[in-house]
Amino acid sequence: MSVEKCGVAIIGFGNIGSGAAELLKANKERITQSAGREVELKYILDVRFPEDSEFKPLFISDFNIIENDPDVNVVVETIGGTRFAYDFTKRALSAGKSVVTSNKELVAVYGHELLTLAKENNVNYLFEASVGGGIPILRPISQCLAANEITEIYGILNGTTNYILTKMSEGQSYEQALKTAQELGYAEPDPTADISGKDTCRKICILADLAFGRHIDPDEVSVTGIDGVKDAVTPDGKVKLIGRAKKLDDGRIMIRVAPEVIANDHMLSCVENANNGIVVKGNAVGEVLFYGQGAGKMPTASAVVADVIDCVKHTNARKWLYWSDGEGVQLVSENVS
Ligand code: HSE
């Protein structure tokens with residue numbers, strides 16, 4: 001069978017970007033079958049590269065090349081942060097290219113603007129990898145649970161802090177556990193975003209927007225990290241960093257990030273190491289738990305490449321992502337049970 005090619009460019013060749021490149025290569029046949037077209041990795045953009053990389057012939061350092069190449073259909077943004085990622089994403093979407101990202105900071109802050117720009121250009125902006133690493137969560141909320149009124153979402157959304165708390169409960173020091181989490185590629189380049197709870201905050205804001213149809217500014221959310229946690233195990237259960245968003249009867253949204261004691265018989269109690277566990281409560285389905293590897297190179301690349309396949313299959317703007325209109329909502333940060 002001869003199939004038309006679809007060009008992909010990766011911008012940001014760190015942990016996740018290199019994982020996406022490796023996965024596109026390793027599973028090429030399966031990906032081509034699934035996408036219905038050959039997915040060709042054409043360029044990899046970064047400011048520095050490993051000398052011995054198998055992808056050396058694809059390395060470039062000028063975004064104009066990607067922007068002006070009509071054969072690049074999908075751009076994978078794995079730069080992270082908002083500084084360069086924001087500008088390159090806007091330029092790619094404006095040039096009629098779909099963009100796929102794992103960048104939760106960019107989505108939490110600029111998601112509405114970037115989705116609007118994608119729609120205007122009839123292309124996709126997809127970000128399944130921005131929450132829960134390899135766990136499917138954004139599509140299930142938007143599609144499989146679409147018949148429900150979602151009343152609450154809560155869970156363990158950061159692999160690094162869950163890894164640290166797990167190792168502390170096994171007797172390791174905080175410092176040693178953090179060092180290993182960095183070596184295993186779970187932590188952000190600056191791990192203070194993990195430790196302080198900011199990373200969890202961005203993810204719960206993205207989930208709340210999809211579930212409740214309201215934009216929540218991460219800066220408005222009450223956030224407590226794990227720096228003050230001395231004992232990861234208490235007589236009442238295990239300490240876990242929990243992101244929680246709940247829709248109240250009066251329309252306000254309770255949202256917060258804080259360490260909570262999770263009882264030993266609760267389903268999140270056995271979510272250990274870098275795994276994430278996300279509970280979604282719907283008024284028809286009840287409670288559903290999404291569980292799996294929430295951080296790390298290949299699990300996150302799995303979600304990134306699935307979004308690439310979706311873009312290749314559906315070159316026009318997808319309609320499944322019910323993002324808010326950008327309007328804010330009144331928040332309450334105290335815990336409301
Ligand atoms: N640093 C993040 C975490 C990576 O530990 O969960 C995945 O978003």
Side-chain angles (χ1 to χ4, degrees), residues 12-20 23 76-82 85 100-109 111 126-138 153-168 172 174-210 218 223-227 229 232 239-244 257-259 268 271-278 290-307:
F13 196 60
N15 199 32
I16 312 304
S18 59
L23 189 56
V76 174
E77 184 273 294
T78 41
I79 303 173
T82 53
V100 165
T101 191
S102 56
N103 188 339
K104 50 260 163 154
E105 187 177 355
L106 193 67
V107 176
V109 179
L126 299 182
F127 40 88
E128 183 65 62
S130 66
V131 182
I135 308 168
I137 180 69
L138 305 188
I153 300 184
Y154 65 95
I156 297 162
L157 296 163
N158 182 270
T160 303
T161 46
N162 204 45
Y163 183 84
I164 293 171
L165 292 170
T166 304
K167 293 301 164 198
M168 281 170 69
Q172 239 183 56
Y174 169 93
E175 290 76 17
Q176 178 55 48
L178 171 59
K179 190 165 168 281
T180 316
Q182 287 176 295
E183 284 163 6
L184 292 170
Y186 303 145
E188 297 301 300
D190 174 2
T192 48
D194 298 295
I195 306 304
S196 67
K198 261 191 179 172
D199 181 78
T200 297
C201 176
R202 290 167 186 148
K203 292 166 176 168
I204 194 70
C205 287
I206 294 171
L207 292 173
D209 196 316
L210 280 178
V223 179
T224 309
I226 64 160
D227 3 17
V229 175
V239 177
K240 301 280 185 192
L241 184 64
I242 301 292
R244 192 178 281 277
V257 175
L268 290 180
V271 177
E272 302 284 38
N273 297 310
N275 290 306
N276 284 188
I278 308 160
F290 296 87
Y291 167 82
Q293 296 191 64
K297 178 172 171 168
M298 295 319 287
T300 311
S302 158
V304 167
V305 174
D307 273 352

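On a predicted model such as this, the values are computed, not experimentally measured, just so you know. The residues of the chain are indexed from 1 along the displayed sequence. Whatever order the structure lists ligands and atoms in, that order sets their numbers, starting from 1.
- In Thr160, the parts holding a heavy atom less than 4.0 Å from any atom of ligand 1 are both the side chain and the backbone.
- Heavy-atom separations between Gly133 and ligand 1 are all 4.0 Å or longer.
- Between Ser130 and ligand 1, not a single N/O pair is under 3.5 Å apart.
- With respect to Lys104 and Glu188, a salt bridge is recorded, a charged nitrogen being found less than 4.0 Å from a carboxylate O.
- The atoms of ligand 1 that sit less than 4.0 Å from any heavy atom of Lys203 are 2 (C), 3 (C), 6 (O), 7 (C), 8 (O).
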Decide yes or no on salt bridge (charged side-chain N to carboxylate O under 4.0 Å, His left out) for Glu272 and Lys167, but give the supporting numbers first. CA-CA 9 Å; Glu272 302 284 38; Lys167 293 301 164 198; over 6 Å; no
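- A salt bridge links Lys179 with Glu183; the closest basic N to acidic carboxylate O contact falls under 4.0 Å.
- At a threshold of 4.5 Å between non-hydrogen side-chain atoms, the residues Leu210 and Leu138 count as touching.
- Of all protein heavy atoms, the one lying nearest to atom 8 (O) of ligand 1 is Lys104 NZ, 2.6 Å.
- For ligand 1, the polar-atom distance check finds an N/O of Gly159 within less than 3.5 Å of one of the ligand's N/O atoms.
- The closest donor-acceptor contact from the side chain of Asn162 to the backbone of Asn273 lies under 3.5 Å.
- For ligand 1, the atoms lying closer than 4.0 Å to a non-hydrogen atom of Asn158 are 2 (C), 3 (C), 5 (O), 6 (O).
- Lys203 places none of its side-chain heavy atoms less than 4.5 Å from the side chain of Ser130.
- Residue Asp194 approaches ligand 1 through these ligand atoms, each under 4.0 Å from one of its heavy atoms: 1 (N), 2 (C), 3 (C), 5 (O).
- Listed by number with element, the atoms of ligand 1 under 4.0 angstrom from any heavy atom of Glu188 are 1 (N), 2 (C), 4 (C).
- The closest side-chain heavy-atom distance from Leu184 to Tyr163 is below 4.5 Å.
- The ligand atoms of ligand 1 that sit less than 4.0 angstrom from a heavy atom of Tyr186 are 1 (N), 2 (C), 3 (C), 4 (C), 5 (O).
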